[in-house]
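Counting starts at 1 for both ligands and their atoms, following the listed order. Model, not experiment: these values are computed from the prediction.
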Amino acid sequence: MITHDDLGNLRAIVGEQYASTGESVLNLHSHDESYHTPVLPDVVLWPHSTGEVSRIARYAFERKIPVTCWGVGSSLEGNPIPVSHGIVIDFQEMQRILAVRPEDFQVDVEAGVVYKELNKTLSRQGLFFPPDPGAAATIGGMIGNNASGIRTVKYGATKDHIMRLVVVLPGGDVIKIGNRARKSSSGYDLIHLFVGCEGTLGIITEATLRLVGLPANFMAIRVTFPEIKNATDTVFQVMSSGFSPAAMELMDSNVISVLNCDRNLAMQEQPTLLMEFNGFSEEGLRAEMDYIEEICTENGSIFTDKGIGQMERDRLWEMRHLTFESIKRQHPGLLPLIVDIAVPLSRYSDMVTFIKQEVGDLLAYVFGHAGDGNIHVIIMDAPADNRRWARVEEANQRIVEKALAFEGTCTGEHGVGIGKRRFLADEHGESLALMKRIKTLIDPEGLLNPGKLFL
Ligand SMILES: Cc1cc2nc3c(=O)[nH]c(=O)nc-3n(C[C@H](O)[C@H](O)[C@H](O)COP(=O)(O)OP(=O)(O)OC[C@H]3O[C@@H](n4cnc5c(N)ncnc54)[C@H](O)[C@@H]3O)c2cc1C
């Protein structure tokens, strides 16, 4: 428990108005976007620099106070919930873009930068940071969860775009990891130890991100199928035919019907694939479109809407944005359990078929980043109703077990947080013990984001 003296000392580090114990502030930092039980921190701090973060970490280490990092709290597995109370470090005051280096396709940023804002700035130089998790996430939060999104199928996840990190370790030491070279064989790959660690090993204060050039032209195509297997078989065939979609999303008929209802649309309420391709010439994109359409027709497609150019891409993709919000809005009073498995592409159809059978009697929405073999199932229900929620948990358990049996993962992009801890032993076997040893080595007191990743 934080004492009056602790509060005074922490306020002295960040400045009086950058530390709060106000009820509404603590509430805001007690929950993410998941159903997991909120827990209040003792204090929220908004540091301005790596130096201040280091002093906070040193103080917390001396006083054995837990520290949990906070981006905007948009996680879906309880990742930033301060389950042991203590200090929450919010990075809102560290939102500077430190240097754009277009000649090297790099940008240096502070951890609190929101990636959508970053991409607005970068677009003026014809560049962008591709991982796109949808929500208004921060770079620190994206690194914490190794977030990915609709463009990962072409450009990779957050981990593929991190070149350098400034990390504050438990105890306050500051280390710089990585370099500006496009490749390196130099020593252990510490960058990827910290990416995806959910703030359990270190506090990221700055990062150098690898950027890519904005595409010159776009083609998008939305295709409806009679059964979900027609759509999932198409995913495998498009990917294995050597095409490189910039995005490829699957939506089951329940998702289409909730979008119709929530946004007053009139789409056919059947399984749907939404794809985007980037290229240079309209001619090249048109040829690609013809091939893709042919594959869809061979798989029994019943309706196609398509177009070339940015406006057409935006028109076709409009319906996919804010899917999660539409689902939540249509079920007031219920909370979401979000399944986030990923499997090898060759098992994608089998996995989706299994999921559809498994969630038969539940209020479930199946969609996801199909080109990555990533599937989300949002199951809406009432956690307070023990009998119903046990059924929801059972479906989650069986779906994850199946994904692991297919040599996939219990979490494609949302991280482990609280919700996926029980699956790590099955997924990682003996290497889980090494992960725990690494945690103990770097954070012997277990002060950084306690209660996450491991049971
Ligand atoms: C509508 C919606 C759609 C989403 N879609 C996707 C999606 O498509 N793909 C996807 O990957 N995710 C998705 N998410 C989940 C979420 O947006 C991402 O995981 C995002 O990266 C979290 O960023 P954040 O800034 O909110 O971080 P937070 O939720 O605040 O924190 C995330 C984790 O990182 C840690 N952390 C935060 N900052 C730091 C730091 N500076 N140093 C060390 N650790 C830190 C936190 O302690 C926590 O463990 C979605 C969420 C919502 C609500």
With Phe61 via ring pair (Phe, Tyr, Trp, His ring centres under 6.0 Å) - residues at least two apart: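 Per chain and number, Phe61 pairs via ring pair (Phe, Tyr, Trp, His ring centres under 6.0 Å) with no residue.
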With sequence neighbours left out, what residues match Trp389 under ring pair (Phe, Tyr, Trp, His ring centres under 6.0 Å)? Tyr35
What residue and heavy atom of the protein are closest to [atom], and at what distance?
atom	result
atom 30 (O) of ligand 1	Gly71 N, 2.7 Å
atom 10 (C) of ligand 1	Ser148 O, 3.2 Å
atom 42 (N) of ligand 1	Ile204 N, 2.9 Å
atom 19 (O) of ligand 1	Asn145 ND2, 2.8 Å
atom 1 (C) of ligand 1	Phe324 CD2, 3.2 Å
atom 36 (N) of ligand 1	Cys69 CB, 3.7 Å

Have Ser326 and Asp262 got a donor and an acceptor in their side chains that come within less than 3.5 Å? yes
Centre-to-centre under 6.0 Å for Phe354 and Phe406, is that the case here?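 Aromatic pair excluded; centres sit 6.0 Å or further apart.
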Should you measure from each heavy atom of [X], which atoms of ligand 1 turn up under 4.0 Å away?
X	value
Gly202	43 (C)
Glu198	47 (O), 49 (O)
Phe91	40 (C), 41 (N)
Asn449	47 (O), 49 (O)
Gly144	34 (O)
Ala111	41 (N)
His369	8 (O)
Ala135	17 (O), 51 (C), 52 (C)

Looking only at distances, can you tell me whether any N or O atom of [X], backbone or side chain, sits closer than 3.5 Å to an N or O atom of ligand 1?
X	value
Asn79	yes
Trp70	no
Ile203	no
Pro133	yes
Ala137	no
Thr68	no

Using salt bridge (charged side-chain N to carboxylate O under 4.0 Å, His left out), reason through Arg210 and Asp160 one step at a time and then give a plain yes or no. CA-CA 8 Å; Arg210 182 197 297 264; Asp160 302 306; over 6 Å; no
So, for [X] and [Y], which heavy atoms are closest and what is the spacing to 0.1 Å?
X	Y	result
Thr152	Ala157	CG2-N, 3.8 Å
Asn146	Lys159	OD1-N, 2.9 Å
Ser54	Val174	CB-CG2, 3.9 Å

Name the orientation class of the two ring planes belonging to His376 and His414 (parallel below 30°, tilted from 30 to 60°, perpendicular beyond 60°).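 Taking His414 first and then His376, their aromatic rings lie parallel (interplane angle under 30°).
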Close approach, [X] and ligand 1, non-hydrogen under 4.0 angstrom:
X	answer
Leu76	yes
Ala157	no
Gly134	no
Glu325	yes

Go through it in stages, so that I can follow the logic: the residues are Tyr155 and Phe128, the test is ring pair (Phe, Tyr, Trp, His ring centres under 6.0 Å), and I'd like the CA-CA distance, side-chain angles, deciding distance and then a yes or no. CA-CA 11 Å; Tyr155 297 104; Phe128 79 117; 5.5 Å; yes
Nearest to atom 16 (C) of ligand 1 by heavy atom, Gly199, Gly141, Ser74, Ala207: which?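 Of the listed residues, Ser74 has the closest heavy atom.
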Minimum distance, heavy atoms only, to atom 31 (O) of ligand 1: which one of Ser75, Gly78, Ala147 is it? Ser75
Taking it one step at a time, do Arg388 and Glu393 satisfy salt bridge (charged side-chain N to carboxylate O under 4.0 Å, His left out)? CA-CA 9 Å; Arg388 296 263 342 144; Glu393 292 273 18; over 6 Å; no
Euclidean distance, Glu401 CD relative to Glu427 CD, rounded to 0.5 Å: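 So the gap between those two atoms works out to 13.0 Å.
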Taking the side chain as everything from C-beta on, heavy atoms only, tell me whether Leu45 gets closer than 4.5 Å to Leu10. yes
Per salt bridge (charged side-chain N to carboxylate O under 4.0 Å, His left out), Asp108 is matched among Arg96, Arg101, Arg180, Lys176 by Arg180
Please indicate whether Glu318 has more than 12 foreign heavy atoms, meaning atoms of other residues, nucleotides or ligands, lying under 6.0 Å from its CD.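 12 or below, so no.
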